[in-house]
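As structure tokens, the structure follows; a few thoughts come after it.
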Amino acid sequence: MSYDKVTQASQTIIGTKQAVKAMRAGQVTKVFIALDADSWVTDPAILLAKEIGIPVHLVESKKELGKACGIQVGAAVVAVTAM
């Protein structure tokens, strides 16, 4: 399950702006997108990831994605770094 991949990641970046910034810096290996998030929030990360060839994994819930990252709120976009 994708949530397990996020939980096991050594370093994650939470949020669209930070994920996009890290992708532009070449630090991201995977991006996780919550399907229940608003598209205006997730689209910038999805478009950039596809443009530069980073795999995009879709998950069902913002709440569960946030929980997998160890935070108390939902997360629409989470990037996993190579570091």
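All heavy atoms count here, side chains included; hydrogens, waters and symmetry mates do not.
Using modelled atom types, one side-chain atom of T16 and one backbone atom of V41 make a donor-acceptor pair closer than 3.5 Å. A donor-acceptor pair is defined here as one N or O able to donate and one able to accept, closer than 3.5 Å; no such pair exists between the side chain of Y3 and the backbone of C69.
Listed by chain and number, the residues in a side chain to side chain contact (heavy atoms under 4.5 Å, CB included) with L35 are L58, E60 (sequence neighbours excluded). By the side chain to side chain contact (heavy atoms under 4.5 Å, CB included) test, T29 is found to be paired with V80, A82, residues two or more places apart in sequence or in another chain being considered.
By the rule that hydrophobic residues join a cluster once side-chain heavy atoms approach within less than 4.5 Å of another member, V28 and I33 end up as members of one cluster. Hydrophobic clustering, with ILVMFWY side chains joined whenever heavy atoms are under 4.5 angstrom apart, keeps L47 apart from V31.
In this structure, the side chains of R24 and V20 come closer than 4.5 Å at one or more pairs of heavy atoms.
Residue pairs meeting the ring-ring contact (aromatic ring centres under 6.0 Å, His included) criterion with at least one partner in residues 54-73, sequence neighbours excluded, are F32-H57.
In terms of heavy atoms, A19 sits closest to A79 at CB-CB, 3.9 Å. Of all heavy-atom pairs spanning L65 and A76, the tightest one is CD2-O, 4.1 Å. Looking at every heavy atom in both residues, T42 comes nearest to A34 through CG2-O, 4.4 Å. Between V56 and A49 the shortest heavy-atom distance is CG2-CB, 3.6 Å. Among all heavy-atom pairs drawn from T81 and I13, the shortest one is CG2-CD1, 3.3 Å. Nearest heavy atom pair, residue I54 against residue M23, reads CD1-CG, 3.5 Å.
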| message | Run V77 and I14 through side chain to side chain contact (heavy atoms under 4.5 Å, CB included) and show every step you take. | response | CA-CA 6 Å; V77 177; I14 303 165; over 6 Å; no
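The line from CD of Q11 to CD of Q27 is 8.0 Å long, rounded to the nearest 0.5 Å.
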